[in-house]
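Single-structure report; data block below.
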Amino acid sequence: MWILRIDMKELSYKLEDVPERYRLLYGRALTSQMIFDEVPPLCHALGPNNKLVFSAGIVTSTSAPTSARVSVGCKSPLTGGIKEANAGTSWAPDLASMRIRALVIEGFPEQGEKYWGTFISWDKDAGKPKVEFFDATGYTGQDVYDTFPKIYERFEGRISICSVGNAGEKSYGNSGIVFNDQAKRPSRYAGRGGVGAVLASKRLKFIILNEKGSPGVDIVDKPLFDEGRKKMIDAIRSHAISKPKGGLNSYGTAVLVNILNEAGGLPTRNFSSGRFEGAAKTAGEAIFETNKERMGKEIYNHACSPGCIIQCSNTYYNTDKTERTSCIEYESTWSLGANLGIDDLDDIATMVQLCNAYGLDTIETGGTLGVAMEAGVIPFGDSKGAINLIHEMGKGTPLGRILGSGTETTGKAFGVRRVPTVKGQSMPAYEPRAVKGIGITYATTTMGADHTAGYTIAPEILGVSGKSDPLSPEGKAELSRAFQATTAFIDSSGHCLFIAFPILDIASGFEGFIQECNGVLGTNWTAADIVAYGANVLKVERAFNEAAGIKAEADRLPEFMRLEPLPPHNQVFDVPDSALDAVFKEM
Amino acid sequence: MRVSGGDATMKVKVRLFANLRDYVPEAKIGTTLEVDLREGALVKDLVDHYQLPAELVKLVYVNAIYREMDFQLRDGDEVGIFPPIGGG
């Protein structure tokens with residue numbers, strides 16, 4: 001295993017052995033540790049001292065199910081703190097198969113106007129990866145749906161692509177890093193926190209992988225790994241949420257729209273209500289039925305990445321049976337739907353496609369447009385106006401640049417008081433005043449407002465891993481802490497977070513999850529060990545943030561959520577500050 | 001539609017989601033059904049009324065609050081019924 005460093009100042013690379021202290025660190029654990037070790041916390045996120053670190057998970061590139069995730073770490077230009085964003089893509093196992101534990105992008109080219117691409121392949125003779133550089137300037141300023149086919153045409157064999165769109169090239173705080181899906185679409189995003197702008201700041205447009213001939217990853221204890229893998233597969237295939245033709249495979253993540261709406265926790269019109277009258281038209285069921293009507297048959301979802309047996313990614317079709325976009329996630333249909341008072345699914349699909357094409361994070365984009373609507377730039381419900389504003393962002397007009405800077409900057413520019421952000425990052429699709437535990441996660445996670453960091457929605461709304469009252473703050477600090485620590489480990493394992501649904505409910509699945517990891521690494525971890533591993537990841541991230549000036553005082557939700565009761569429950573966010581502080585103090 | 005069992009009745013509004021819609025043809029997307037129940041009816045009576053398979057009924061929200069099967073409904077209640085679902 002190597003750490004591969006690409007120096008964009010010298011256009012050179014070097015392979016280093018993985019140091020002993022990183023031996024058990026993968027995925028998020030490794031990206032966060034390396035950012036902590038190597039990036040000055042007070043550096044400018046788009047300056048020469050920031051670095052980007054890519055790392056696949058512990059079991060990525062093995063036959064473990066639903067495990068093709070890659071973590072991207074850096075200092076975030078959006079939050080000013082540490083960032084880990086991850087995606088499911090063939091790029092992840094291809095990186096791991098070449099035994100690249102971490103890929104580090106560092107330095108800054110002298111000629112700022114020129115962009116570069118890198119092609120990383122396996123050198124059979126030398127028995128290690130090699131890196132070639134090419135001038136990629138001609139691919140900039142374009143829709144990534146135009147550039148990806150050109151790259152597939154240029155490079156022979158099966159390749160995986162990592163790239164950045166206009167949003168990153170324009171240095172937006174709202175910009176993701178895009179990877180290919182299984183159908184060569186540029187649609188799998190490490191979306192949050194402005195990681196795209198960091199990659200573009202290095203003037204690196206493409207990281208292309210061809211792992212042909214590479215050895216793959218070692219598995220220390222194959223029988224143990226196989227035993228764990230089988231338990232995981234059984235759990236995923238038997239749980240109602242994750243099984244074939246189950247909730248996720250049929251309706252995608254957007255199946256959540258209706259239940260959050262019924263629970264009064266679907267943020268509507270810039271977080272001014274917990275219910276949206278048009279919710280059902282924007283939900284997973286509506287996507288499924290619209291496709292059925294337009295295609296003349298039931299369409300089930302597909303895998304975003306190799307080896308996924310949950311297969312939750314949808315494709316949304318036009319009336320002429322052509323593809324409009326893939327994929328409409330829950331977060332996207334919410335941020336560009338209910339959050340904007342929009343219930344036109346075709347227009348929501350268009351907005352998702354535009355975000356992907358320009359390299360924008362759909363959550364941050366919807367959050368920003370919600371604030372812009374609150375400011376009166378366009379009215380709530382104006383889907384055509386929203387589409388135009390996304391074009392302005394992609395094209396970099398003066399208004400588009402303000403919007404591309406993110407929800408918080410837009411709120412300041414337009415003098416809006418109701419700005420749903422934490423640590424500068426826009427809130428996802430769950431209302432903290434109606435679901436208190438997720439509010440604690442938003443407030444305290446090292447990432448800025450992020451639902452995936454500690455998904456207490458599972459017990460609070462979905463009845464997974466027990467059922468707790470979403471309106472009660474009681475016991476929620478402990479709940480959020482436990483979810484955040486476990487999640488930090490899952491983000492390091494290489495598994496998709498959605499394995500949590502089956503393994504939280506099925507004990508043998510959880511056991512299998514740990515056995516898989518122990519099998520690969522030769523460790524003897526217990527359930528307590530993996531929680532401790534995750535907690536350590538969080539502590540490292542927290543230490544970076546504190547050194548960057550983001551301390552406990554930043555672990556708060558915006559004031560309006562304590563002042564304005566949210567219909568239909570008419571509650572404010574009433575979790576005491578002491579409970580928020582307890583999440584990390586008692587970790 | 002009326003559920004027998006007593007003289008006094010009440011009206012309850014019902015929404016069914018995901019694959020539960022397959023069991024009730026009139027439960028179209030965005031449709032709120034209205035059903036007459038006897039006074040004092042429980043959530044489970046409503047589930048029985050629509051003959052929904054017990055193993056598919058995972059979550060019931062009444063007036064935006066999660067409720068168990070033995071929760072007693074009242075006139076005018078709005079009920080959302082879901083199978084096991086997840087996302088993120």
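Order of the sequence lines sets the chain letters (A, B, ...), proteins ahead of strands, with each chain counted from 1.
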So, do L471(A) and I65(B) sit near enough that their side-chain heavy atoms are less than 4.5 Å apart?
-> yes
If you look at every heavy atom in I85(B) and I241(A), which pair is closest and at what distance?
-> O-CD1, 3.2 Å
What part of E285(A) lies closer than 4.5 angstrom to a heavy atom of chain B: side chain, backbone, both or neither?
-> both
Do F17(B) and I259(A) touch side chain to side chain, with heavy atoms closer than 4.5 Å?
-> no
For E262(A) and V79(B), which heavy atoms make the closest approach, and how far apart are they?
-> OE1-C, 4.3 Å
Beyond-backbone contact of V255(A) with F82(B), side-chain heavy atoms, under 4.5 angstrom = no
Shortest non-hydrogen contact from A64(B) toward G264(A) = CB-N, 4.2 Å
Part of H239(A) lying under 4.5 Å from any heavy atom of chain B | neither
Count the heavy atoms of every other residue, nucleotide or ligand shown that sit under 6.0 Å from CD of E55(B), and state whether that count exceeds 12.
-> yes
Before giving the answer on side chain to side chain contact (heavy atoms under 4.5 Å, CB included), spell out for I461(A) and Y61(B) the whole-Å C-alpha distance, their side-chain angles and the decisive distance to 0.1 Å.
-> CA-CA 10 Å; I461(A) 296 292; Y61(B) 282 83; 3.7 Å; yes
Assert top hit (heavy-atom pairs under 4.5 Å, partner chain A, pool G86(B), P84(B), G30(B), G80(B)) equals G86(B)
Hey, which of A280(A), A263(A), G247(A), A240(A) has the most heavy atom pairs under 4.5 Å with chain B?
-> A263(A)
Nearest-0.5 Å distance that lies between atom CD1 in I81(B) and atom CG in N258(A) = 13.5 Å
Residue selection (most heavy-atom pairs with chain B, distance under 4.5 Å) from I310(A), L462(A), V464(A) = L462(A)
Would you call K58(B) and K467(A) a side-chain contact if the rule is heavy atoms closer than 4.5 Å?
-> no
